[in-house]
**Student:** 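One structure coming up, written as structure tokens, with questions to follow.
All figures in this text were calculated on a predicted structure; none of them were measured in a lab.
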Amino acid sequence: MMIRAVVFDMDGVLVNSEPKYLEQLLGFFHCYGADADDAFFHALVGSSYEYTYHKCIEKMQVDWSIEEFTEKLDKYVEEHPFRYDEVLNPGVKEILCWLKKEGYKTAIASSSWLYQIEEMVNVCGLQDYFDVLLSGEMFEESKPNPEIYLTAAKKLGVDPSECVAVEDSTYGIAAGNAAGMRVIAYADEQFGIDQSKAYAKIHSMDEVKKYVK
């Protein structure tokens, strides 16, 4: 089957934002007198926000609802921001430019909030390179449910089998596989993520080319 589109996850693929998110989360824990080791935080990488927040509430031993946790964390994050252009992965703009020039359709399918996806695209100057932006908040279930990838293919006007999905997390790889896409993993060298179910593993964005040709 000829490849006609590439669907990118955001965190850990387009931007190396996970360490920044975890740094914010650790600071938030400390702000409320709580702590956790690296293994706890690393296990959250690629998880849905709901799962992450439930685990954090449990670990912090606080009597908060998800809404209260979200409100407090959002306030902390707002006071301790980072810029996406500071963590843009090498070669991202170049591969997106090449894909557009070669006529491939592109999308972002990320578990992040839509405002974060839009902020990343705008701050990094990638507005002209994506045909579709999809956030996990638009769906009932997060990855590994394949719905976000199936919707991306539908909105791009292609069959899932005509798509390459670029992922990093175990959940994301499972979602792309379940959707029937060819999933390539952007190599994780920080969190020990199981990427064994991916079709292939890449160490640079330029390597995307050989999996779409």
**Student:** Got a sec, which pairs hit side chain to side chain donor-acceptor pair (under 3.5 Å) with one end in residues 24-41, sequence neighbours left out?
**Tutor:** His30-Asp35
**Student:** Take Lys197 and Thr170 through the side-chain contact (heavy atoms from CB on, under 4.5 Å) test and state the conclusion after the steps.
**Tutor:** CA-CA 8 Å; Lys197 301 298 184 184; Thr170 305; over 6 Å; no
**Student:** Is it the case that the side chain of Ser135 and the backbone of Met138 share a donor-acceptor pair, with hydrogens and angles ignored and the cut-off at 3.5 Å?
**Tutor:** no
**Student:** Are any non-hydrogen side-chain atoms of Tyr104 and Val212 less than 4.5 angstrom apart?
**Tutor:** yes
**Student:** Could you check whether Asp11 and Ser112, counting side-chain N and O atoms only, form a donor-acceptor pair closer than 3.5 Å?
**Tutor:** yes
**Student:** Could you tell me whether the side chain of Gln195 and the main chain of Asp168 form a donor-acceptor pair under 3.5 Å?
**Tutor:** yes
**Student:** Could you work out, with side chain to side chain contact (heavy atoms under 4.5 Å, CB included) as the rule, every residue matching Glu68, not counting sequence neighbours?
**Tutor:** Trp64, Ser65
**Student:** Quick one: pull up CD in Glu18 and NE2 in His42 and give me the separation to the nearest 0.5 Å.
**Tutor:** 10.0 Å
**Student:** Please set out all donor-acceptor pairs under 3.5 angstrom arising from side-chain atoms of residues 144-154, sequence neighbours excluded.
**Tutor:**
from: Asn145; atom 1: OD1; to: Glu147; atom 2: N; distance (Å): 2.8
from: Asn145; atom 1: ND2; to: Glu141; atom 2: OE1; distance (Å): 3.3
from: Tyr149; atom 1: OH; to: Glu167; atom 2: OE2; distance (Å): 2.6
from: Thr151; atom 1: OG1; to: Glu147; atom 2: O; distance (Å): 2.9

**Student:** Name the atoms and distances for all side-chain donor-acceptor pairs under 3.5 Å in residues 115-130, with sequence neighbours left out.
**Tutor:**
from: Gln116; atom 1: OE1; to: Tyr49; atom 2: OH; distance (Å): 2.7
from: Gln116; atom 1: OE1; to: Trp113; atom 2: N; distance (Å): 3.0
from: Asn122; atom 1: ND2; to: Glu118; atom 2: O; distance (Å): 3.0

**Student:** For Phe82, is the CZ atom crowded, meaning more than 12 foreign heavy atoms sit under 6.0 Å from it?
**Tutor:** yes
**Student:** So do the side chains of Ile108 and Leu14 get within less than 4.5 Å of each other, counting heavy atoms only?
**Tutor:** yes
**Student:** Okay, side chain of Lys105, backbone of Leu156: is any donor-acceptor separation there less than 3.5 Å?
**Tutor:** yes
**Student:** Using the rule side chain to side chain contact (heavy atoms under 4.5 Å, CB included), only one of Val13, Val6, Ile202 pairs with Ile184; which is it?
**Tutor:** Ile202
**Student:** I'd like to check the side chain to side chain contact (heavy atoms under 4.5 Å, CB included) partners of Lys209; sequence neighbours left out, ordered by chain and number.
**Tutor:** Ile95, Trp98, Asp206, Lys213
**Student:** With a 4.5 Å cut-off on side-chain heavy atoms, are Leu22 and Val45 touching?
**Tutor:** yes
**Student:** If you round to the nearest 0.5 Å, how far is SG of Cys56 from CG of Leu25?
**Tutor:** 4.0 Å
**Student:** Ser48: which residues meet the side chain to side chain contact (heavy atoms under 4.5 Å, CB included) condition with it, sequence neighbours left out?
**Tutor:** Glu50, Tyr51, Ser142
**Student:** Answer yes or no: is there a donor N or O on one side and an acceptor on the other, between the side chain of Glu102 and the main chain of Leu99, under 3.5 Å?
**Tutor:** no
**Student:** In chain order, what residues pass the side-chain hydrogen bond (donor to acceptor under 3.5 Å, both in side chains) check against Asp131, with sequence neighbours excluded?
**Tutor:** none
**Student:** Donor-acceptor pair, distance only, cut-off 3.5 Å: does the side chain of Lys143 make one with the backbone of Ala109?
**Tutor:** yes
**Student:** What residue pairs, at least two apart or across chains, pass side chain to side chain donor-acceptor pair (under 3.5 Å) with a residue in residues 69-92?
**Tutor:** Tyr21-Tyr84, Arg83-Asp85
**Student:** With sequence neighbours left out, write down each residue that passes ring-ring contact (aromatic ring centres under 6.0 Å, His included) with His54, or none if nothing qualifies.
**Tutor:** none
**Student:** Calculate, to the nearest 0.5 Å, the distance between atoms OG and CG belonging to Ser111 and Leu134 respectively.
**Tutor:** 11.0 Å
**Student:** Any heavy-atom pair between the side chains of Met10 and Val15 that's under 4.5 Å?
**Tutor:** yes
**Student:** To the closest 0.5 Å, what do you measure between CD (Glu67) and OH (Tyr53)?
**Tutor:** 11.5 Å
**Student:** Say you draw a straight line from CG of Asp63 to CD1 of Ile57; how long is it, rounded to the nearest 0.5 Å?
**Tutor:** 9.5 Å
**Student:** For Ile173, which fellow cluster members are found when Ile, Leu, Val, Met, Phe, Trp and Tyr are connected by side-chain heavy-atom distances below 4.5 angstrom, either directly or through intermediates?
**Tutor:** Val183
**Student:** Would you call Leu114 and Glu137 a side-chain contact if the rule is heavy atoms closer than 4.5 Å?
**Tutor:** yes
**Student:** Looking at side-chain heavy atoms only, is the closest gap between Phe8 and Met205 below 4.5 Å?
**Tutor:** yes
**Student:** Applying side chain to side chain donor-acceptor pair (under 3.5 Å), which residue pairs with at least one partner in residues 173-191 are found, sequence neighbours left out?
**Tutor:** Asn16-Gln190
**Student:** Members other than Tyr171 in its cluster, when Ile, Leu, Val, Met, Phe, Trp, Tyr link by side-chain heavy atoms under 4.5 Å?
**Tutor:** none
**Student:** Find out if a path of hydrophobic residues (ILVMFWY) with successive side-chain heavy-atom gaps under 4.5 Å connects Phe41 to Val87.
**Tutor:** no
